[in-house]
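Structure, as structure tokens:
Along the sequence shown, residues carry numbers from 1.
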Amino acid sequence: MSPRKVTMVVDTSTSMGTPAGDGTRLTATAGAVREAMRRASINSVMGMYVFADTPEGHRVAVIRDGLTAAKRAAMSSILDDIDLVDREPVYATLTAAYRDAVDNYDPGRPNSVLVVVDSDDPDEAAARDLRAAIDELSSPETPVRIDVVVLGDRADLVLEQAAEATDGSLTVVDTTDPADLTDLLRKLTS
């Protein structure tokens with residue numbers, strides 16, 4: 001089977017500045033992404049959404065495409081100098097990424113959305129929109145799984161349900177040892 005087509009959603013809210021290991025949750029995530037890019041197959045397809053101070057609350061930081069040397073470099077370094085934002089639009093960003101992944105489904109490879117998050121999203125309307133998008137879009141013809149990596153010590157019921165509904169996974173990772181995060185991201189992107 002061909003390597004995975006992955007759309008990453010990375011939390012870039014101010015909570016990612018929380019200390020973790022020798023740095024912060026964001027630097028641990030950046031290091032894990034860098035290692036995943038180093039080991040990913042050249043035939044992989046990847047892209048990344050991040051939170052942003054935009055009306056939508058997110059932006060496409062790296063357009064999903066084949067993992068060329070330039071794309072690998074962009075994916076490896078995009079989080080290094082990113083500005084953290086006060087907003088935490090977890091559900092809206094995941095909805096946009098999931099909708100895009102289904103709309104651009106590749107039948108020749110596994111397709112997934114990989115979420116790395118540590119913030120809570122109290123937006124009930126956005127939670128309903130996420131559930132509705134999954135109900136509307138998920139089908140055996142375009143199976144896009146949602147894998148969620150929660151940094152810290154709490155799981156989010158809405159994200160857990162999203163992962164479950166798409167045959168994905170939700171894993172809570174203790175960020176005091178960034179090696180666990182690196183191993184998990186490498187597994188979920190290969």
Quick one: closest heavy-atom pair of [X] and [Y], and the distance?
{"X": "Tyr98", "Y": "Ser138", "value": "OH-CB, 3.3 Å"}
{"X": "Pro143", "Y": "Tyr105", "value": "CD-OH, 3.2 Å"}
{"X": "Glu35", "Y": "Arg186", "value": "CG-NH1, 3.7 Å"}
{"X": "Pro3", "Y": "Arg109", "value": "O-NH1, 2.7 Å"}
{"X": "Ala92", "Y": "Ala126", "value": "N-CB, 4.2 Å"}

Starting at [atom1] of [X], measure out to [atom2] of [Y] and round the result to the nearest 0.5 Å.
{"X": "Glu164", "Y": "Leu159", "atom1": "CD", "atom2": "CG", "result": "12.5 Å"}
{"X": "Arg34", "Y": "Arg39", "atom1": "CZ", "atom2": "CZ", "result": "14.5 Å"}
{"X": "Leu84", "Y": "Arg25", "atom1": "CG", "atom2": "CZ", "result": "12.5 Å"}
{"X": "Arg87", "Y": "Thr14", "atom1": "CZ", "atom2": "OG1", "result": "13.0 Å"}
{"X": "Phe51", "Y": "Asp86", "atom1": "CZ", "atom2": "CG", "result": "12.5 Å"}
{"X": "Leu130", "Y": "Leu94", "atom1": "CG", "atom2": "CG", "result": "5.0 Å"}

When hydrophobic residues are tied together by side-chain contacts of less than 4.5 Å, even through go-betweens, does [X] share a cluster with [Y]?
{"X": "Val113", "Y": "Val148", "result": "yes"}
{"X": "Val172", "Y": "Leu185", "result": "no"}
{"X": "Tyr49", "Y": "Leu188", "result": "no"}
{"X": "Val33", "Y": "Met16", "result": "yes"}
{"X": "Val45", "Y": "Val10", "result": "no"}

Arg145: which residues meet the side chain to side chain donor-acceptor pair (under 3.5 Å) condition with it, sequence neighbours left out? Asp147
Residue set satisfying side chain to side chain donor-acceptor pair (under 3.5 Å) with Thr189, at least two apart, ordered chain then number -> none
Any side-chain heavy-atom pair from [X] and [Y] closer than 4.5 angstrom?
{"X": "Met75", "Y": "Met48", "answer": "yes"}
{"X": "Val9", "Y": "Val117", "answer": "no"}
{"X": "Glu88", "Y": "Asp121", "answer": "no"}
{"X": "Arg99", "Y": "Glu136", "answer": "yes"}
{"X": "Ser112", "Y": "Arg4", "answer": "yes"}

[X] side-chain N/O to [Y] backbone N/O, donor-acceptor pair under 3.5 Å:
{"X": "Thr166", "Y": "Ile146", "value": "yes"}
{"X": "Arg131", "Y": "Ala162", "value": "no"}
{"X": "Thr93", "Y": "Val90", "value": "no"}
{"X": "Ser44", "Y": "Ala40", "value": "no"}
{"X": "Ser41", "Y": "Asn43", "value": "yes"}
{"X": "Asn111", "Y": "Val144", "value": "no"}
{"X": "Asp11", "Y": "Asp118", "value": "yes"}
{"X": "Arg72", "Y": "Met37", "value": "yes"}
{"X": "Asp100", "Y": "Ala96", "value": "no"}
{"X": "Lys5", "Y": "Ala101", "value": "no"}

In terms of heavy-atom contacts, does [atom1] of [X] have more than 12 from other residues, nucleotides or ligands at under 6.0 Å?
{"X": "Asp135", "atom1": "CG", "result": "yes"}
{"X": "Ile63", "atom1": "CD1", "result": "no"}
{"X": "Asp103", "atom1": "CG", "result": "yes"}

Passes side chain to side chain donor-acceptor pair (under 3.5 Å), Arg64 versus Thr7? Steps please. CA-CA 7 Å; Arg64 189 184 52 245; Thr7 304; 2.7 Å; yes
Polar contact flag, side-chain donor to acceptor under 3.5 angstrom, Asp156-Tyr91: yes
Take Val116 and Leu151 through the test side-chain contact (heavy atoms from CB on, under 4.5 Å) and record every step on the way to the result. CA-CA 7 Å; Val116 180; Leu151 307 178; 3.9 Å; yes
CA sep, side-chain torsions, deciding dist, call: Val149, Val115, side-chain contact (heavy atoms from CB on, under 4.5 Å): CA-CA 6 Å; Val149 177; Val115 183; over 6 Å; no
When you look at Leu181 and Thr29, which way does the side-chain contact (heavy atoms from CB on, under 4.5 Å) test go after all the steps? CA-CA 7 Å; Leu181 177 61; Thr29 300; 3.8 Å; yes
Trace of the side chain to side chain donor-acceptor pair (under 3.5 Å) decision for Ser15 with Thr18: CA-CA 6 Å; Ser15 63; Thr18 300; 5.7 Å; no
Could you walk me through whether Leu184 and Thr182 pass the side-chain contact (heavy atoms from CB on, under 4.5 Å) test, one step at a time? CA-CA 5 Å; Leu184 184 58; Thr182 299; over 6 Å; no
Taking side-chain contact (heavy atoms from CB on, under 4.5 Å) as the criterion, tell me which of Leu79, Val62, Ile78 meets it with Val50. Leu79
